[in-house]
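All values below were derived from every heavy atom in this structure, side-chain atoms included, with hydrogens, water molecules and symmetry-related copies excluded. Within every chain, numbering begins at 1; the chains are lettered A, B, ... in the order of the sequence lines, protein sequences first and strands thereafter.
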Amino acid sequence: AQSVTQLDSHVSVSEGTPVLLRCNYSSSYSPSLFWYVQHPNKGLQLLLKYTSAATLVKGINGFEAEFKKSETSFHLTKPSAHMSDAAEYFCVVRGGADGLTFGKGTHLIIQP
Amino acid sequence: KAGVTQTPRYLIKTRGQQVTLSCSPISGHRSVSWYQQTPGQGLQFLFEYFSETQRNKGNFPGRFSGRQFSNSRSEMNVSTLELGDSALYLCASRLLGTDQETQYFGPGTRLLVL
């Protein structure tokens, strides 16, 4: 069994300031972890993924995430927010033969 | 390469009807998965097909079914539609179906049941 908890349903930051979206996971297997972004009325786009290689994963658009097994966390960060980052972000886990398990999503708001 | 395509993009049906949604994966991808997205339940896994066989299934009633053709295109069918079936249905494809592969999502089909 696997599960994902995104700790914040909404995060609001000012443009140019750092972004932190928090995610904790649970998995019976050695998991693969993903962050996806969904802009309004669009499909899901992969930001980055962890698959048991380096624990610090760099993704597109300046995002990165760090896998911490001891804390069962996979938080998403970006040093400087841009207006175009406003979207819904999903932390996702895959373990074993199950399909992807999605978190409830974090709505990122960028203040000008 | 073209991305994952889904047809139709929007659909309106009435309760009791049935609906068929179509998904064409990225060329060469053999695994196709389906997900339902609703405001209340979020994104939930429906099922995955690989080489025309269902590999695994989420926790949905038997009214939800699917199939995959020899060219990897997939269809999802929902029979006896209920109001609660109104959702965005997303299809995703990946190359060989291994755990570490990225799934690439289509734009979705938005279904409204009246």
Side-chain angles (χ1 to χ4, degrees), chain A residues 1-10 23 25 27-55 57-60 63 65 67 74 87-107, chain B residues 2-7 9-10 21 23-26 29 31-50 53-60 64 66 74 76 87-110:
Chain A
Q2 55 199 26
S3 66
V4 176
T5 303
Q6 291 184 244
L7 298 166
D8 306 292
S9 59
H10 293 78
C23 171
Y25 71 92
S27 176
S28 304
Y29 303 90
S30 182
S32 296
L33 293 158
F34 309 81
W35 275 97
Y36 281 86
V37 61
Q38 186 176 35
H39 288 92
N41 300 314
K42 297 285 181 66
L44 292 157
Q45 181 184 21
L46 179 72
L47 281 177
L48 50 81
K49 68 177 182 180
Y50 165 78
T51 56
S52 74
T55 56
V57 182
K58 293 188 184 297
I60 62 171
F63 285 95
F67 173 72
F74 191 56
E88 192 82 13
Y89 290 79
F90 294 94
C91 182
V92 184
V93 63
R94 183 179 190 107
D98 298 330
L100 297 178
T101 298
F102 285 79
K104 294 293 187 185
T106 297
H107 187 61
Chain B
V4 178
T5 58
Q6 293 185 244
T7 57
R9 292 293 311 278
Y10 302 92
L21 311 181
C23 171
S24 292
I26 291 171
H29 284 196
S31 164
V32 174
S33 297
W34 288 89
Y35 296 84
Q36 182 196 64
Q37 185 176 23
T38 60
Q41 298 299 317
L43 275 149
Q44 294 182 286
F45 171 69
L46 280 156
F47 31 65
E48 180 184 12
Y49 285 87
F50 180 79
T53 302
Q54 189 179 87
R55 286 186 72 183
N56 49 60
K57 190 177 190 304
N59 189 24
F60 278 81
F64 292 82
S74 177
M76 188 191 89
L88 180 67
Y89 290 89
L90 292 164
C91 164
S93 76
R94 53 192 176 135
L95 187 60
L96 294 174
T98 63
D99 288 355
Q100 296 187 347
E101 285 177 339
T102 299
Q103 288 198 0
Y104 295 90
F105 284 81
T109 294
R110 189 165 293 281

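Distance OG1/A:T101 to CZ/B:F45: 9.0 Å, rounded to 0.5 Å. The structure places CD of A:E88 at 8.0 Å from CD of B:Q37, a figure rounded to the nearest 0.5 Å.
Heavy-atom distances place no part of A:Y50 under 4.5 Å from chain B, backbone and side chain included. Residue contact with chain B, scored on non-hydrogen atoms closer than 4.5 Å, involves the side chain of A:Q38 exclusively. When heavy atoms are compared at a cutoff of 4.5 Å, B:L46 does not approach chain A at all. Proximity to chain A involves both the backbone and the side chain of B:L43, based on heavy atoms less than 4.5 angstrom apart. In this structure, chain B has heavy atoms under 4.5 Å from both the backbone and the side chain of A:L44.
The side-chain hydrogen bond (donor to acceptor under 3.5 Å, both in side chains) check on B:Y35 picks up B:Q103, with sequence neighbours excluded. Taking A:W35 as the reference, nothing meets the side-chain hydrogen bond (donor to acceptor under 3.5 Å, both in side chains) condition, with sequence neighbours excluded.
Scanning all heavy atoms of the two residues, the minimum distance from A:F34 to B:T102 falls at CE2-CA, 4.3 Å. Contact between B:Q41 and A:K104 at its shortest, heavy atoms only, is O-NZ, 3.4 Å.
For CZ of A:F102, the number of neighbouring non-hydrogen atoms (other residues, nucleotides, ligands) closer than 6.0 Å is greater than 12.
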